[in-house]
Structures are given as C-alpha cells and as structure tokens.
Visitor: 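First the structure, which I've put down as structure tokens, then a few questions once you've had a look.
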Amino acid sequence: MKAPDDLAPRWFAQALLAWFDAHRRALPWRGSPDAYGVWLSEIMLQQTRVDTVVPYYLRFLERYPTVAALAEAPLDEVLGAWSGLGYYRRARSLHAAAQAVVDRHGGSFPRELSALRALPGVGAYTAGAIASIAFGERTPLVDGNVARVLSRLFALGDPLGTSASDRALWATAERLVPDERPGDFNQALMELGATVCTPDRPRCERCPVAERCRARLEGRELELPVPRARKAPTRLRLVAAVVRGPDGLLLARRPAGGLYGGLWEPPMVEGGLREAKATLAEAGVSLGAKRGAIEHVLTHRRLAIVVHSGRVDGTIRALAPYEELAFVSDPEGGAIGLSTMAKRVLSISTVEATSPRAGRRR
DNA sequence: AAAACGGGGTG
DNA sequence: CACCCAGTTTT
C-alpha cells in the first residue's frame, strides 16, 4: 500500500495547528492536561458526544479527584455515576483500569503505548490519545472524526470499519503526526472533523487545508467517507414486572458481561404475556395489571416493553439471567447503576399511578 | 472479519 | 426516521 504523498506533512501540520490555535473550543479537559484527566475524558468520549460528556466529566472529577480515589470506590457507585452515559462496560473497565494503575504502576499512568494499551478499556485510539496529549509522544490516533477528515483529504475509498480502511487510515495518520505538539495536532484533526469537516454539510470555505483536499478538488466531499454497511436492528418483546414492597422496588441485577452489564432494572423476561407469566411465577413473582408500554431504541436493537405491576408470592427465587434480586429503597439515588431504559420503565409505572391515561412518553 | 455494545442530538 | 458520535472487546 503506497502512502499518499501529495500533501506535505509539514505544511499540513503547520496549517492545522495554526487553525487550532485560533478556533479550538474551550473544553474542561483541555488546558494543562494530566494523564488522569485525559484518560477519564477519552474513555467517556468513546462513541459519545462532547456535549453529553462534559457534565459527567466534571461530576466524576469532583467525586473522584485522583485515580486512587476512583480505584477505592465501590463498583456499584461508579456504575451509578455512569448511569445514562451508555456502553456500561466502559465504567467497569474504568474501575478496573484505575485499580491496575494503582497496583501495577504505583498510582501514575504509564507513558508507553504498550502499557497503556494493556489497561482495560484502552484500545488503539485511547492509548494514542493519552500518549500524545498527556505525554507529548509522537503517536497517531484515528477516531470517527479523523477517519472522515483523512478519507476526504486523501480520497480514501475503502468502506469504514474494514481492515483495509483501518490500515490506510492509521498509516496516513502516522505519516502526518508531527514531532512538535503531537497532542495538539491530534486534537486539531478531531476538532476539524467535529466543527468543519462534518458528515452532512462540510464547511469547506472554513477549512484550513481545503486547497489540498482531494475530495474537495474532485467535488466528492459528500461521497466520502464510504460508510460501513448497517444491519437492521433486531426486535425484542419483553414484559417487565414493577413490584413495590415495603422496602422499596424489586430490582434485578444483570450479569456482568453483555447488555446493561452490572446494572439494575425491574425484572423483565422475553416473550409474550403468557410466557412471561409462567417464567416470573417460577421466580415467585405474579403479574398484575398492565400499566403501560414503551419502545426503547438502541443502535442494533428495538425493545418493546410491556410494563405490568407485580406481587411477590412468598419467597423470591432466582430468575435467569439475573445475578441477584433485591428490594431497593432509592433506585435513582446513585448508589447503583440504572440504565435510561430502566428509568423509563419505572417512570411509566409512576406516571401511570397518578394519571391512568399516560401512555408512551417522548 | 464481524458483531455486540447505549443513548441522544441532528437534519 | 436515519445517521453517527474523541472505540473496545469478544466471537
């Protein structure tokens, strides 16, 4: 694979850095970045927008000022602070990585790419971000923004997400990243993608490198990058039982791996009402009146959830695949992890209690 | 190499 | 509604 050389790396870095110095957004993790802050922000920013991350980042930093403080916190509390951010495995990895930094690196982050890469939740992108931004190492990185910018600049036509595309993008990024200010350069590339070289309406008139952008010169900026093929989301029908007892709400904890791993929710089972009734009965929960229904949409899944009230008959028994069932007095207090989906199910039954006609929200 | 993994903003 | 976001991990 021949590296494109129609764009001189030095000129490119100079133009991009000058633009970045004039147009960079003021974000809470910028300024004088330490490895802990960079790492925390980068984990949160994985597949998550800047505006969404900012309040979580500030809250985390206040609650866990150091990596040691985070390492000592209970996992359930960290999941509680993460609730609503999504991709909950990140929170579990965050906690495990904090403990690894304390146990294996004496409480300070390593600066070698391989050591960073070995931390849970840290892949090629995040390792490159920490190494370049926090430690000034000449390390490339490729995220969604960089992929789009480079695809257009060099007219890279491989569909995103393929190994061919990955190879070309990382090789290109590696060639461009300068010895001086590699962290600023990487952030500038991402900033350009986020604010100028946007997916739908690129503002080429504001782009500092438009004069040497191949896609622009060929009038193909809207055709690149070629998106990866998308699979239709699978549909899932679920029945949820909202059980209120004297000690609070009956919640179930999901298994650590997989969807909503480690989070709590009202017990729910897959399938139709008849099937759900039988399964829940085995766990000692009997289903009452229907309270409403919601549809919760994920990237690759559509959950149709019918919400019933429920009652415990005698003793509660295990309910697969949940790890544990327990009555919780203050589910949204932050002591445990609760997904937005679970909160919606709970709000349905709460709203329903005072206003019987309330159906689907949003 | 492909699929799983959340949630929300945007046009 | 479709797309996509400062990706990583597992299969």
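Just so you know, these numbers come straight off a predicted model, no measurement behind them. Chain A is the first sequence line, chain B the second, and so forth, proteins listed ahead of strands; every chain is numbered from 1.
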Visitor: Quickly work out the A:Leu236 CG to B:dA4 C1' distance and round it to whole Å.
Guide: 14 Å

Visitor: Before accepting this row, confirm whether a basic side-chain N of the pair A:Arg253/A:Glu323 lies closer than 4.0 Å to the acidic partner's carboxylate O.
Guide: yes

Visitor: Strictly below 4.0 Å, N to O, side chains only: are A:Glu191 and A:Arg30 in salt-bridge contact?
Guide: yes

Visitor: Using whole Å, what does the distance between atom C1' of nucleotide B:dA4 and atom CZ of A:Arg254 come to?
Guide: 13 Å

Visitor: What's A:Arg301 touching, base or sugar-phosphate or nothing? Going by heavy atoms closer than 4.0 Å.
Guide: sugar-phosphate

Visitor: Using heavy atoms to find the nearest nucleotide of DNA chain B for A:Gly161 and A:Leu263 separately, return the residue whose nucleotide is more 5′.
Guide: A:Gly161

Visitor: Expressed in whole Å, how much space separates the C1' atoms belonging to B:dG8 and C:dT9?
Guide: 23 Å

Visitor: What integer distance in Å separates A:Lys231:NZ from B:dA1:P?
Guide: 19 Å

Visitor: What is the separation between atom CG on A:Leu160 and atom P on B:dA2, rounded to the nearest whole Å?
Guide: 14 Å

Visitor: Taking NZ, NE, NH1 and NH2 as the nitrogens, is one of them in A:Asp143 or A:Arg148 under 4.0 Å from a carboxylate oxygen of the other?
Guide: no

Visitor: Less than 4.0 angstrom from a charged side-chain N to a carboxylate O is my criterion; do A:Glu295 and A:Arg302 meet it?
Guide: yes

Visitor: Determine the Euclidean distance between corresponding C1' atoms of C:dT8 and B:dG9; express it in Å to zero decimal places.
Guide: 23 Å

Visitor: Looking at A:Phe60, is A:Arg63 sitting on its ring face, NZ or CZ under 6.0 Å from the six-membered ring centre and within 45 degrees of the normal?
Guide: no

Visitor: On a whole-Å scale, what distance lies between the P atoms belonging to C:dA6 and B:dG11?
Guide: 14 Å

Visitor: Have a look at A:Gly84 and say if it touches a base, only the backbone sugar-phosphate, or nothing, with a 4.0 Å heavy-atom cut-off.
Guide: sugar-phosphate

Visitor: For the pair made of CZ in A:Arg90 and P in B:dA4, what is the distance, rounded to whole Å?
Guide: 19 Å

Visitor: Any side-chain N or O of A:His300 below 4.0 angstrom from OP1/OP2 of B:dC5?
Guide: yes

Visitor: Under 4.0 Å, heavy atoms only, any strand: does A:Leu85 hit a base, just the sugar-phosphate, or nothing?
Guide: base

Visitor: Please give, in whole Å, the distance from B:dG6 C1' to A:Ile305 CD1?
Guide: 13 Å

Visitor: Map A:Asp51 and A:Tyr88 onto DNA chain B by nearest heavy atom, then report which one ends up closer to the 5' terminus.
Guide: A:Tyr88

Visitor: Mind checking whether A:Phe12 and A:Phe185 have side chains closer than 4.5 Å, heavy atoms only?
Guide: yes

Visitor: Kindly point out which of B:dA1, B:dG7, B:dA4 is positioned nearest to the side chain of A:Ser163?
Guide: B:dA1

Visitor: Rounded to whole Å, how long is the line connecting atom CZ of A:Arg228 with atom C1' of B:dA4?
Guide: 11 Å

Visitor: Checking the side chain of A:Ser93 only, and the main-chain atoms of A:Arg90 only, is there a donor and an acceptor separated by less than 3.5 Å?
Guide: no

Visitor: Whole angstroms only, please: what is the OH-P distance between A:Tyr56 and B:dG6?
Guide: 14 Å

Visitor: Would you mind writing out the side-chain donor-acceptor pairs for residues 107-124 of chain A within the sub-3.5 Å range, not counting sequence neighbours?
Guide:
from	atom 1	to	atom 2	distance (Å)
A:Arg111	NE	A:Glu137	OE2	3.0
A:Arg111	NH2	A:Phe135	O	3.0
A:Arg111	NH2	A:Glu137	OE2	3.2
A:Arg117	NH1	A:Val122	O	3.4

Visitor: Each nucleotide in nucleotides 4-11 of chain C should get exactly one letter: B, S or -. Can you fill that in based on protein heavy atoms under 4.0 Å?
Guide: BBBBBS--

